[in-house]
Amino acid sequence: MSEALVAIRLPMADPLIEARQVEKYYAQEGDTRIQVIAPTDLAVYPDEILAVLGPSGSGKSTLLRMLTGLSVPSAGAVLWHGQPVTGPCENVSIVFQSFALFPWLTVLENVEAPLKARGVSADERRTRGLKILDTVGLDGFESAYPKELSGGMKQRVGFARALVVEPEVLFMDEPFSALDVLTAENLRGELLDLWSDRKLPTRAVFIVTHNIEEAVLLADRIVVLGKNPGRIRTDFRVELSRPRDRKNPVFEQIVDHVYKVLTRQDEVPAMTMPAAAAKYQMLPHARPGGVSGLLEILADNDTGREDIYKLADELAFEIDDLLPTVEAAAMLGYVKVSEGDVEITHEGRAFVEADILERKQLFRNAALEHAVLIRQITRSLEKKANHRLGDEFFHDVLDEHFTESETLLQLETAIVWGRYAELFDHDAQGNQFFIAEEAVAVNPES
């Protein structure tokens, strides 16, 4: 392990916020439940920027909401300075991905809003508001309205509004993801400058992100979550001096390490259910075209193997762009993933070398063999005389294993895969899955 990448050690200071075996789940009928976050221990210490990384569905934002008291854990406890949290914490602020400004208020009035809600006098509100606007570089824009501001300036207002109450911990939920690349990079740099110069009126920063390089650029400590359900896969400190250089070999090593952690297969069950129940397979939210593109890139490499970090860097992809595609290709048997590398298989090369119709057939066979949901939908439709079934049938099946939002995403992905493989189609107006007559004619066993 590099000197810049060390396993977490307990600081001498007491934690500001501490989660002890916190868990989030949703009860289902009978004795089953959908587990969003497995029992988790996590502490936020003073004088650190803590970044929480993970793919979509890993529970990053849910964890943030529990730590701030906005969401009640299903089990376990959250402590603030050693005392149980029973409601929204007063001494934290949150910056969200969306700017969430009041369009009818000026910049200064938006920043003053949380102070006004706390009963702070008008004179003090103005003094503190103007000071923090100056700190984040918005002096001169006090009287402007949100519609007059760029995206980056709107997010600066969001930062100012969060900081004006002088929170002990500043929470940020993917604060740069709605911005263009250059603006996001500029704001990250300004945030680090304020932190390094001790101009941020906060003792710690907790940032949720799916951008690995962002985490390594900003954080003193990184926590990586796995998904289905969310759980901590690794927790380590980044002992790199600031400012950090993306081209530094150690920086690249840390990013590569995170990719290895993210692509590692979990060995624990995904849900708290009766002992006999098994984990239900989750379809990666990737399109067949993305899988095809990935395989073509790998096939063009002499070794058929690529480092996922370097591949993501070359394609300018983030976690949620690339990993679902890699996972889908692996599920179908087209690639193997090991130690952060992805390698095309014999089946993957056969897919690349096939023509359009042959690719559809190969995808059809692989989906039926490896994707449980695709197989279930296809077989269920085949058993019906009219080859039609309502959405609610499959919705009810998935609803026993996933949250409502994930259930809908699973069905959306299944529709895309089913159409590409010409296994089944979907009637959005009639809310039905069906096998087209021509498909039945081609496959008489249907």
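Numbering starts at 1 and runs along the sequence shown.
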Report task. State, with a plain yes or no, whether a side-chain heavy atom of Asn228 is found less than 4.5 Å away from one of Phe402. Result -> yes

Query - Steps toward side-chain contact (heavy atoms from CB on, under 4.5 Å) verdict (Glu190, Arg156) - result: CA-CA 10 Å; Glu190 291 182 0; Arg156 280 190 178 88; 2.7 Å; yes

Query raised in the report: Under a 4.5 Å cut-off applied to non-hydrogen side-chain atoms, are Asp256 and Lys260 in contact?
Result: yes

Query raised in the report: At what distance, to the nearest 0.5 angstrom, does OG1 of Thr40 lie from CD of Glu23?
Result: 8.5 Å

Query raised in the report: Once you round to the nearest 0.5 Å, how far does CD of Glu400 lie from NE2 of His395?
Result: 11.5 Å

Requested in this report: May I ask you to decide whether Asp193 forms a salt bridge with Arg242, counting only side-chain N to carboxylate O separations under 4.0 Å?
Outcome: no

**Report entry** Within 6.0 angstrom of Glu404 CD, more than 12 heavy atoms from elsewhere
**Finding:** yes

Query raised in the report: What do you reckon, is NZ of Lys360 surrounded by more than 12 foreign heavy atoms closer than 6.0 Å?
Result: yes

Query - Lys116 bridged to Glu109 by N-O distance under 4.0 Å - result: no

Query raised in the report: Do Arg305 and Leu298 pass the side-chain contact (heavy atoms from CB on, under 4.5 Å) test, and can you show the C-alpha distance, the side-chain angles, and the key distance before you say yes or no?
Result: CA-CA 6 Å; Arg305 187 183 183 96; Leu298 293 175; over 6 Å; no

Report task. May I ask you to check whether His81 and Glu168 show a side-chain donor-acceptor distance below 3.5 Å? Result -> yes

Query raised in the report: In this structure, which one of Asn301, Asp300, Val352 forms a side-chain contact (heavy atoms from CB on, under 4.5 Å) with Ile344?
Result: Val352

**Report entry** Atom CG of Asp197 with >12 non-hydrogen neighbours under 6.0 angstrom
**Finding:** yes

Query - Test log, rule salt bridge (Lys or Arg N to Asp or Glu O under 4.0 Å), inputs Arg118 and Glu90 - result: CA-CA 10 Å; Arg118 296 185 180 196; Glu90 293 185 1; over 6 Å; no

Query raised in the report: Taking side chain as C-beta onward, heavy atoms only, is Pro103 less than 4.5 Å from Lys147?
Result: no

**Report entry** Over 12 foreign heavy atoms within 6.0 Å of CZ, Arg287
**Finding:** no

Requested in this report: Would you confirm whether Lys24, through its side chain, and Ala38, through its main-chain N or O, come within 3.5 Å as a donor-acceptor pair?
Outcome: no

Query raised in the report: Just wondering, are more than 12 heavy atoms of other shown residues or ligands nearer than 6.0 Å to CZ in Arg244?
Result: yes

Report task. With the side chain counted from C-beta on, respond yes when Leu262 and Tyr309 share a heavy-atom pair under 4.5 Å apart, and no when they do not. Result -> no

Report task. Determine whether Ser93 and Leu163 make a side-chain contact, defined as any pair of heavy atoms from C-beta on separated by less than 4.5 Å. Result -> no

Query - Distance (rounded to the nearest 0.5 Å) between Thr209 OG1 and Leu53 CG - result: 6.0 Å

**Report entry** Qualifying residue, where the test is side-chain contact (heavy atoms from CB on, under 4.5 Å) with Phe171 and the options are Ile207, Leu67, Leu50, Val95
**Finding:** Leu67

Report task. Quick one: list whatever passes ring pair (Phe, Tyr, Trp, His ring centres under 6.0 Å) with Phe394, sequence neighbours left out. Result -> Phe433

Query raised in the report: Between Lys336 and Glu343, does at least one N-O distance fall below 4.0 Å, as a salt bridge requires?
Result: no

Query - ring-ring contact (aromatic ring centres under 6.0 Å, His included) pairs, two or more places apart, involving residues 325-352 - result: Tyr334-Phe351

Query raised in the report: Counting heavy atoms not belonging to Phe141, are there more than 12 under 6.0 Å from its CZ?
Result: no

Report task. Hey, could you give me each pair passing salt bridge (Lys or Arg N to Asp or Glu O under 4.0 Å) that has a residue in residues 306-331? Not counting sequence neighbours. Result -> Lys227-Glu327

Report task. May I ask you to say whether Arg128 pairs ionically with Glu124, meaning some side-chain N is under 4.0 Å from a carboxylate O? Result -> yes

Query raised in the report: How many angstroms lie between CZ in Phe251 and CG in Asp245, if you round to the nearest 0.5 Å?
Result: 8.0 Å

**Report entry** Step-by-step side-chain contact (heavy atoms from CB on, under 4.5 Å) determination, Asp235 to Val223
**Finding:** CA-CA 4 Å; Asp235 183 346; Val223 170; 3.6 Å; yes

Requested in this report: Can you label the angle between the Phe176 ring and the Phe159 ring as parallel, tilted or perpendicular, going by 30° and 60°?
Outcome: tilted

Query raised in the report: Taking atom CD1 of Ile17 and atom CH2 of Trp80, what is their separation to the nearest 0.5 Å?
Result: 4.0 Å

